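What follows is a single structure, written as structure tokens, with notes after it.
As a basis for the values below, the full set of heavy atoms in this structure was taken, side chains included, without hydrogen atoms, waters or symmetry mates. Both ligands and their constituent atoms are indexed starting at 1 by order of listing. Treat the numbers as computed from the prediction; the structure is a model and nothing was measured.
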Amino acid sequence: MPTILVTGGSGFIGRHFCWEAERLGWSLIVLSRSVEKARKVLPSSAEIISRLDEISSDINIDTIVNLAGEPLADKRWNESRKKQFFVSRSSFTDQLYEFFRHRTEAPMRLISGSAIGYYGPGSAPVDESNSAVDGFSHKLCASWEDSALQFKNLGTRVCLVRTGIVLGEQGALAKMLPPFRMGLGGPIGNGEQVMSWIHIKDMVRVLNHCIQSEKLSGPINATAPNSSINREFTATLAKVLGRPALLPMPSFMVRLLFGEMGEELLLQGQEVIPAKLLQSKFEFKYPNLTEALQDLLK
Ligand SMILES: NC(=O)c1ccc[n+]([C@@H]2O[C@H](COP(=O)([O-])OP(=O)(O)OC[C@H]3O[C@@H](n4cnc5c(N)ncnc54)[C@H](OP(=O)(O)O)[C@@H]3O)[C@@H](O)[C@H]2O)c1
């Protein structure tokens, strides 16, 4: 049976993907730095390995879902963390390529992570055909994508999933919830920055859609078709929770508390249109923020 190799399978998106793959009866190998930790959160049918050379030569890896990467929003950025962001994405993907380059059978498809940070900040809507504004997030995403694109040399179909803010029980929403639940939430900065988000269930469906749509390749924006500016997002969140959202966090405080990370991830935004998903007839289960948040917070 063809097998899917997942990197970053123990993470927020990865584990949701793995449980869905298990439900669909797909065969999974998950590469993790900690087999023990990964086993606790993954289906028992998934084989968990800590080194690529544990994959025996007679196993045909049909598909790779490549999500591994040092978390960006955990703490302030410094030079060593920034290097780690690159190493854990680009160099890690280079190693994947080196491994598969020497195998007899190349994977048919690589679904590789990226982020809407690729486009850089801006107020005008962008789709996959737009060029990017330079900055740290752009450089990181572009470098990760370049590493993944090497797989084209093997005849592999490569999808680069430029992911928006994934809403679920982990990630950005989980970080926002405690102050909002206490009625201490509010807009960030001037509240005008666009937040292009996607519900975790749609995110998993996007990964599956990329696997199954043989004509899809290149950059694919994984964002709901209706993004919101931060002010609307926070007002909707507060409304769904039945709490006020009156306490704004001014830009200077964001910069003071979070430095460059706060500037790139909280104060800047981009309105990203999922043009290729819509063209390929992908149907979002949660195209609107209110329904997405109601589903997640019910
Ligand atoms: N969640 C979002 O809103 C969002 C938005 C845009 C892009 N993305 C990108 O999509 C990918 C998956 O996101 P996620 O939210 O699921 O991330 P996550 O929860 O932080 O999980 C990432 C996984 O990558 C592995 N990893 C972490 N640090 C690593 C390192 N230094 N070297 C090698 N592997 C490392 C870990 O797996 P092991 O511990 O098992 O090795 C971890 O489970 C990430 O690369 C992220 O940047 C996420």
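- Among protein heavy atoms, atom 21 (O) of ligand 1 sits closest to Gly11 CA, 3.3 Å.
- Any N or O atom pair closer than 3.5 Å counts here, and Ser88 shares no such pair with ligand 1.
- Polar contact check, Gln84 against ligand 1: a nitrogen or oxygen pair lies under 3.5 Å apart.
- At least one N or O atom of Glu70 sits closer than 3.5 Å to an N or O atom of ligand 1.
- In this structure, Ser114 is part of the shell of residues with a heavy atom less than 4.0 angstrom from ligand 1.
- Between the side chains of Asp58 and Ser56, at least one donor-acceptor pair of N or O atoms lies under 3.5 Å.
- The protein non-hydrogen atom at the shortest distance from atom 11 (C) of ligand 1 is Leu67 O, 3.1 Å.
- Close approach of ligand 1 to Val166 (heavy-atom distance below 4.0 Å) involves ligand atoms 1 (N), 2 (C), 3 (O).
- Between Phe92 and ligand 1, no N or O atom pair is found at a separation short of 3.5 Å.
- Across all their heavy atoms, Arg51 and Leu31 have their closest contact at N-CD1, 3.7 Å.
- Nearest non-hydrogen protein atom to atom 46 (C) of ligand 1 is Arg89 NH2, 3.8 Å.
- Residue contacts with ligand 1: Ala115 is placed with no nitrogen or oxygen under 3.5 Å of a nitrogen or oxygen of the ligand (distance criterion only).
- Not a single heavy atom of Gly168 sits closer than 4.0 Å to an atom of ligand 1.
- Near Ser32, meaning under 4.0 Å from one of its heavy atoms, ligand 1 places the atoms 38 (P), 40 (O), 41 (O).
- Both Met253 and Ile188 sit in one connected hydrophobic cluster of ILVMFWY residues. Membership requires side-chain heavy atoms under 4.5 Å apart, directly or through other members.
- Remark: ligand 1 and Trp144 share no N or O pair separated by less than 3.5 Å (distance only, no angle test).
- When only non-hydrogen protein atoms are considered, atom 37 (O) of ligand 1 lies nearest to Ser10 OG, 3.2 Å.
- The protein atom (non-hydrogen) at minimum distance from atom 5 (C) of ligand 1 is Gly164 O, 3.0 Å.
- Close N/O approach between Gln170 and ligand 1 is not found [any backbone or side-chain N/O within under 3.5 Å].
- Of all the heavy atoms of Ala38, none lies under 4.0 Å from any atom of ligand 1, so neither backbone nor side chain is involved.
- Checking side-chain atoms of Arg231 against main-chain N and O of Asn190 turns up a donor-acceptor pair under 3.5 Å.
- Side chains of Ser50 and Glu54: a donor-acceptor N/O pair is present below 3.5 angstrom, by distance only.
- What you find for Lys276 and Leu216 is that their closest heavy atoms are O-CD2, 4.4 Å.
- When Arg81, Lys82, Arg76 are each tested for a salt bridge (Lys or Arg N to Asp or Glu O under 4.0 Å) with Glu260, only one passes: Lys82.
- Under the 3.5 Å distance criterion, with hydrogens and angles disregarded, a donor-acceptor pair is assigned to the side chains of His16 and Glu169.
- Taking only nitrogen or oxygen atoms, main chain and side chain alike, Ile13 reaches within less than 3.5 Å of ligand 1.
- Nearest heavy-atom pair, Phe258 versus Met249, reported as atom, atom and distance to 0.1 Å: CE1-SD, 4.3 Å.
- Not one N or O of Leu31 is nearer than 3.5 Å to an N or O of ligand 1, by distance alone.
- In this structure, the protein non-hydrogen atom closest to atom 26 (N) of ligand 1 is Arg33 NH2, 3.4 Å.
- Of all the listed residues (Gly9, Gly69, Ala68), Gly69 holds the heavy atom that lies closest to atom 27 (C) of ligand 1.
- No path of Ile, Leu, Val, Met, Phe, Trp and Tyr side chains, each step under 4.5 Å between heavy atoms, connects Phe85 with Ile13, placing them in separate hydrophobic clusters.
- Checked for salt-bridge contact, Lys201 and Asp295 meet the test: a charged N lies under 4.0 Å from a carboxylate O.
- The nearest heavy-atom contact from the protein to atom 20 (O) of ligand 1 is Pro71 CG, 3.8 Å.
- Within the 4.0 Å heavy-atom shell around ligand 1 one does not find Arg15.
- The nearest protein atom to atom 23 (C) of ligand 1, hydrogens excluded, is given as Gly8 CA, 3.6 Å; this is a heavy-atom distance.
- Taking each heavy atom of Cys18 and Val30 in turn, the nearest pair found is SG-CG2, 3.9 Å.
- Atom 31 (N) of ligand 1 is approached by the protein to below 4.0 angstrom, counting heavy atoms only.
- For the residue pair Thr234 and Ala245, the shortest heavy atom distance occurs at O-CB, 4.0 Å.
- Taking CZ of Arg15 as the start and CD of Glu22 as the end, the distance is 15.0 Å to the nearest 0.5 Å.
- Taking each heavy atom of Leu42 and Gly9 in turn, the nearest pair found is CD2-O, 3.3 Å.
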